[in-house]
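Note that the structure is a prediction, hence the values are computed from the model and not measured.
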Amino acid sequence: MDQAILVKEQITAGVELVRKVNAVMPISAAFWLKETDVPGWYLFIASDALENADPRKGYRIVREAVDAMNDGGIDLFQVKVIPSSNPFARAAREIVHGSTRTSPHWLGPTPFGDRLVEGACIYPANVLDPVPS
């Protein structure tokens, strides 16, 4: 798979992963990001639980969620966990705040957070809502 292209399967798998992680560690923002100076797209998961905490806690939760997905289409190494105070997380929350969209917010080359990015796919707030049992 060409890592310069974010495909529908990755976006869909990201929703599943975000929901699994959110059930264990509340998430404040989730988004795919293609940074200008980094090859490939990465799924960023932001949480207040990671403020002043060892990020390994977040990666353990993500690894367990990825392992629970049957060939979910996401490689653990495509995921970055960040605290909610991260500039990327703040920028993503600003975009979805107050929005009623149920589909991802797409951005082309643009300033995002504290730098210029090639693209972003920001999950809407409903992805972070608990899934009814």
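For Q10 (side chain) and V7 (main-chain N/O), a donor-acceptor pair under 3.5 Å exists by modelled atom type. With hydrogens and angles disregarded, a donor-acceptor distance shorter than 3.5 Å links the side chain of E51 to the backbone of S84. At distances below 3.5 Å, at least one donor-acceptor pair connects side-chain atoms of R101 with backbone N or O atoms of P104.
Put simply, CD on E16 and NZ on K20 are 5.0 Å apart, with the number rounded to the nearest 0.5 Å. Between atom CG of residue N52 and atom OG of residue S85 there is a gap of 7.5 Å, rounded to the nearest 0.5 Å. Separation of atoms CG (L33) and CG (L6) is listed at 10.5 Å; rounding is to 0.5 Å. To the nearest 0.5 Å, atoms CG (L17) and OG1 (T12) are separated by 12.5 Å.
The side-chain heavy atoms of L50 and V81, taken from C-beta on, include a pair separated by under 4.5 Å. Residues F112 and E35 form no side-chain contact, since every pair of their non-hydrogen atoms from C-beta on lies 4.5 Å or further apart. Inter-residue side-chain proximity for V96 and H105 is flagged as met; some heavy-atom pair is nearer than 4.5 Å. Using a 4.5 Å heavy-atom threshold, the side chains of Y59 and K80 count as touching. Between Y123 and W32 the shortest side-chain heavy-atom distance falls below 4.5 Å. You'll find the side chain of R60 reaches within 4.5 Å of the side chain of R63, heavy atoms only.
Cluster annotation: Y42 is not connected to I45 through the hydrophobic network of ILVMFWY side chains, with a link wherever side-chain heavy atoms come within less than 4.5 Å. A continuous path of Ile, Leu, Val, Met, Phe, Trp and Tyr side chains, each step under 4.5 Å between heavy atoms, connects L43 with V15, placing both in one hydrophobic cluster. By the criterion of side-chain heavy atoms lying less than 4.5 angstrom apart, applied directly or through intervening Ile, Leu, Val, Met, Phe, Trp or Tyr residues, V79 is grouped together with V127 in one hydrophobic cluster. Hydrophobic clustering keeps I27 apart from I122 (ILVMFWY residues linked when any side-chain heavy atoms are closer than 4.5 Å, directly or through intermediates). When the side chains of ILVMFWY residues are joined at heavy-atom separations under 4.5 Å, either directly or via intervening members, V18 and I82 end up in two distinct hydrophobic clusters.
Closest non-hydrogen pair, D114 versus F88, comes out as OD1-CE2, 4.1 Å. Residues A65 and V21 approach most closely at CB-CG2, 3.9 Å, considering heavy atoms. For S28 against S47, the heavy-atom pair with the smallest separation is OG-N, 4.0 Å. E118 and T36 get closest at one heavy-atom pair: OE2-O, 3.4 Å. For the residue pair A49 and M25, the shortest heavy atom distance occurs at CB-CG, 3.8 Å. Of all heavy-atom pairs between A89 and A29, the closest is O-CB, 4.1 Å.
Using cut-offs of 30° and 60° on the angle between ring planes, the pair F44 and F31 is parallel.
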